[in-house]
Amino acid sequence: MSQPFLTSAQTVNKEAQQQKEANLLTQRGQKQLDIGQAESAFETWQKATKIYQKLRYEDDITGSLINQNLALQALGLHYWACNTLLSALKLEANASLCATKPQQPTDKMEKLLTATINKQTLSPVNLLGLHNLAEVLRRLGKLDESKKVLSEILSVAKWIPSIDTSGILLSLGNTNQDIYKQARNQYLEIEEPVFQKEFVNLIQKYALESLNTFQQLINSLNTPKEVQLQAQLHHLSLILDFEKWLAVESKLGNPKLASLHTRINQQIQPAVDLLLKNHSDFSRLPASYYVYAKLNFAKSLNKIPDKQFHSQAIEYAESALKMAKSTNSQRLQSESFGTLGKLKLEQSQPYFEEALGLAQSVHAWDLAYEWQQELGILYKEQGKYKEALQAYSAAIENVTLVRNNLLSTNTDLQFSFHEKVEPLYRDYMRLLLTDSNPNFSEIIQTNERLQVAELENYLQCRKLNLVAFNEIQNLATSPTIIHIIDLVDSVEVISQSPKQPLHHHSIESQLIRGHINNLIDTLQDKNLAYVGADVILDHS
């Protein structure tokens with residue numbers, strides 16, 4: 001009679017041991033992620049998930065899959081992280097949410113997201129999963145979808161007193177900040193005055209919405225210190241970026257923007273003072289977040305033209321490097337060394353070389369290209385043109401690798417394309433032209449790659465499989481191709497004719513810029529249909 005009891009007791013004991021093992025794995029994974037060991041954390045959480053699945057502990061399975069998503073996001077594998085979250089929330093049928101192909105917001109997508117959220121049980125773990133889904137959608141560049149999810153779960157969470165919504169609000173602020181960056185990036189592509197005005201209004205709207213959300217978190221006494229610190233850092237970063245944009249735009253004579261610029265400019269010093277006052281709050285963060293937070297603050301301080309702030313920026317970056325070394329994370333160390341290279345201009349080369357070596361050791365090409373670009377600039381200044389060309393060429397290869405990687409997404413490259421990516425290609429072409437016998441074929445190829453990258457960035461898509469014009473098959477005659485390359489200060493013209501050497505002509509851009517602008521104005525005039533060809537030719 002006692003045998004069944006013993007068997008049952010053994011089963012209960014085995015189950016308890018398995019649960020304890022899974023719980024320990026969960027804790028170990030969190031420690032690994034905190035010190036920047038995302039790959040190890042992912043593997044650890046995979047083991048924990050398998051145990052929970054054997055035990056059929058549904059909430060623990062969901063939580064463990066959410067943990068896996070965190071590790072995947074830290075590795076930059078946002079598409080994979082998104083699908084993991086769909087699995088956690090049992091929404092695999094809605095895989096289109098994670099599609100890397102950009103989608104404009106539609107009624108169908110809005111309804112799908114609303115239905116997705118309404119299907120969920122109002123439990124803390126499911127709300128956490130939906131919050132993470134919004135975060136990963138943001139990182140995939142699906143900003144409208146991210147904002148929709150955050151807005152929906154905020155309206156749901158207010159009915160659950162135990163839920164802290166500060167983290168959700170922080171995510172909403174970050175999403176609005178990214179929408180602002182996206183609008184600012186697209187604004188540079190627009191030449192039509194009507195659409196320019198529309199985007200100026202959008203840029204202001206989303207910047208102010210984001211700033212107000214961050215300020216709300218900063219002012220609330222209920223906001224946890226860690227979240228408050230993140231809000232302060234994002235708030236300062238956005239103020240500095242927005243102020244820079246307003247400074248440029250207000251010079252064009254818009255009195256409304258000039259007034260707003262003055263108001264935003266006045267917020268910089270108080271925002272810095274608050275962070276310096278609360279410097280002890282950095283120590284509350286896990287190691288990897290501590291490093292990123294201090295590097296973030298150092299970069300912001302460096303944007304302010306004040307020697308005192310520059311010295312403090314170096315102190316924060318050095319503190320970040322010290323913590324990064326304690327984690328043994330090559331990526332964290334690479335970012336810390338690279339940031340110090342940008343701050344310590346007279347000693348920058350060894351910092352960039354160390355940062356590059358660390359990035360290459362873990363295949364962090366999104367970091368490697370940045371340090372290669374910085375080294376290219378240094379080599380050029382030193383007159384080491386061969387080394388500079390090699391550095392620029394390698395940087396372009398790595399940018400292409402990052403942009404074409406279907407398993408990862410780098411929204412930073414997308415939103416700062418005109419500031420980071422374009423100059424890389426143009427500086428490389430300028431450097432090629434300084435040679436006594438320029439490699440015009442390489443210049444043409446680089447310009448074509450830039451044009452494709454510009455198109456991909458504008459369309460917000462991945463790799464476009466385009467064929468160069470001179471490679472089109474079955475043409476009746478081989479065409480003569482005229483390549484017009486805008487290098488800002490100059491315009492380079494290279495003609496490519498069959499069985500003829502490449503011919504190159506260079507002209508200062510200021511000599512033709514006015515004619516080009518006149519032509520654009522004429523072509524965009526609403527009365528173009530009534531304008532004669534001779535007038536267009538005269539204007540151009």
Side-chain angles (χ1 to χ4, degrees), residues 30 33-36 38 66 69-71 73-74 78 127-128 131-139 143 146-147 149-150 153-154 157 163-181 206-242 267-268 270-303 312-313 316-317 319-320 323-324 327 332 335-336 339 411-412 415:
Q30 187 60 59
L33 185 67
D34 287 347
I35 61 173
I66 292 172
N69 134 80
L70 293 173
Q73 285 195 58
H78 305 304
L127 285 174
L128 178 62
H131 181 190
N132 275 271
L133 179 62
E135 271 292 295
V136 80
L137 287 171
R138 177 177 70 84
R139 293 175 186 275
L143 304 181
S146 174
K147 186 170 182 176
V149 173
L150 290 167
I153 60 176
L154 272 173
I163 297 293
D164 175 21
T165 59
S166 60
I168 304 171
L169 273 173
L170 180 65
S171 293
L172 183 60
N174 291 338
T175 296
N176 277 327
Q177 184 174 6
D178 278 359
I179 295 174
Y180 150 79
K181 289 179 183 178
Y206 288 113
L208 293 174
E209 276 188 23
S210 186
L211 288 172
N212 287 337
T213 301
F214 293 141
Q215 194 65 60
Q216 181 183 338
L217 288 166
I218 292 166
N219 293 342
S220 174
L221 296 175
N222 296 323
T223 306
K225 289 290 186 182
E226 296 86 344
V227 175
Q228 205 167 50
L229 177 62
Q230 293 292 335
Q232 290 166 10
L233 289 167
H234 287 293
H235 185 252
L236 174 60
S237 176
L238 179 52
I239 285 175
L240 291 168
D241 193 89
F242 190 36
Q267 295 179 26
I268 295 174
V272 172
D273 291 342
L274 182 62
L275 277 160
L276 291 173
K277 177 185 174 184
N278 297 331
H279 66 91
S280 61
D281 288 344
F282 285 91
S283 61
R284 295 172 178 268
L285 301 173
S288 59
Y289 292 96
Y290 173 97
V291 172
Y292 285 124
K294 288 218 162 183
L295 291 179
N296 183 337
F297 190 32
K299 290 171 187 175
S300 290
L301 288 170
N302 195 45
K303 292 176 183 177
Q312 288 172 320
Y316 274 87
S319 176
M323 178 63 80
T327 68
L332 290 177
E335 295 204 49
S336 302
T339 302
T411 50
D412 182 53
F415 299 147

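The first residue in the sequence is number 1, and the count goes up from there.
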Q. Between Pro224 and Ser166, what is the shortest heavy-atom contact and its length?
A. CD-OG, 3.3 Å
Q: First locate atom CG of Leu154, then atom CD1 of Ile163, and finally report the distance between them rounded to the nearest 0.5 Å.
A: 11.5 Å
Q: Decide side-chain contact (heavy atoms from CB on, under 4.5 Å) for Tyr316 and Leu276; before the verdict, give the C-alpha distance in whole Å, the side-chain angles of both, and the deciding distance to 0.1 Å.
A: CA-CA 11 Å; Tyr316 274 87; Leu276 291 173; 3.9 Å; yes
Q. With a 4.5 Å limit on heavy-atom distance, are the side chains of Ile179 and Asn176 in contact?
A. yes
Q | Any side-chain heavy-atom pair of Asn219 and Gln215 under 4.5 Å | A | yes
Q | Full working for side-chain contact (heavy atoms from CB on, under 4.5 Å) between Val291 and Glu335 | A | CA-CA 9 Å; Val291 172; Glu335 295 204 49; over 6 Å; no
Q) Among all residues two or more places apart in sequence or in another chain, which pass the side chain to side chain contact (heavy atoms under 4.5 Å, CB included) test with Lys303? A) Leu240
Q.
Quick check for you: to the nearest 0.5 Å, what is the distance between Gln267 atom CD and Ile239 atom CD1?
A. 4.5 Å
Q) Considering only heavy atoms from C-beta outward, does the side chain of Leu208 approach that of Phe242 to under 4.5 Å? A) yes
**Q.** Listed once per pair and sorted, the salt bridge (charged side-chain N to carboxylate O under 4.0 Å, His left out) pairs that draw on residues 209-235, sequence neighbours left out
**A.** Lys147-Glu209, Lys205-Glu209
Q: With the side chain counted from C-beta on, respond yes when Leu233 and Ser300 share a heavy-atom pair under 4.5 Å apart, and no when they do not.
A: no
Q: Write down the atom of Ala207, the atom of Leu238, and the distance for their closest heavy-atom approach.
A: O-CD2, 3.7 Å
Q. Okay, side chain of Asn302, backbone of Ala298: is any donor-acceptor separation there less than 3.5 Å?
A. no
**Q.** Heavy-atom side-chain contact between Ile218 and Thr223 under 4.5 Å
**A.** no
Q: Measure from the side-chain N and O atoms of Thr327 to the backbone N and O of Ala324, and report whether any donor-acceptor pair falls under 3.5 Å.
A: yes
Q.
Using the side chain to side chain donor-acceptor pair (under 3.5 Å) criterion, which residues pair with Asn222? Sequence neighbours excluded.
A. none
(Q) Determine whether a donor-acceptor pair (N or O, by modelled atom type, separation under 3.5 Å) exists between the side chain of Ser283 and the backbone of Ser280. (A) yes
**Q.** CG on Leu127 to CD1 on Ile153, rounded to 0.5 Å
**A.** 6.5 Å
Q) Can you tell which of Leu133, Leu137, Asp178 makes a side-chain contact (heavy atoms from CB on, under 4.5 Å) with Ser146? A) Leu137
Q) Are side-chain heavy atoms of Asn174 and Arg138 found at a separation under 4.5 Å? A) yes
Q | OG1 on Thr213 to CD on Gln177, rounded to 0.5 Å | A | 10.5 Å
Q. Which heavy atom in Ala231 sits nearest to a heavy atom in Leu217, and how many Å separate them?
A. CB-CB, 4.0 Å
Q.
Quick check against the 3.5 Å criterion: does Asn296 have a side-chain atom that pairs as donor or acceptor with the backbone of Ala293?
A. no
(Q) I'd like to know if the side chain of Gln73 reaches the main chain of His78, judged simply by a donor and an acceptor atom lying under 3.5 Å from each other, with no hydrogens or angles considered. (A) no
Q: Taking side chain to side chain contact (heavy atoms under 4.5 Å, CB included) as the test, write out the residues that go with Ser171, two or more places apart.
A: His131, Glu135, Leu150
Q. What distance separates Leu275 CG from Phe282 CZ, expressed to the nearest 0.5 Å?
A. 5.5 Å
**Q.** Rounded distance [0.5 Å steps], CG in Asp34 versus OG in Ser288
**A.** 6.0 Å
Q) Is any side-chain heavy atom of Leu295 closer than 4.5 Å to a side-chain heavy atom of Ser336? A) yes
Q. Taking only residues at least two apart or on different chains, which pairs with a member in residues 206-236 satisfy ring-ring contact (aromatic ring centres under 6.0 Å, His included)?
A. Phe214-His234
Q.
Between Asn212 and Gln216, is there a side-chain donor-acceptor contact under 3.5 Å, judged purely by atom types and distance?
A. no
Q.
Exactly one of Tyr292, Tyr290, Phe297 should register a side-chain contact (heavy atoms from CB on, under 4.5 Å) with Lys294. Which one does?
A. Tyr290
Q | Set of side chain to side chain donor-acceptor pair (under 3.5 Å) partners for Thr165, sequence neighbours left out | A | none
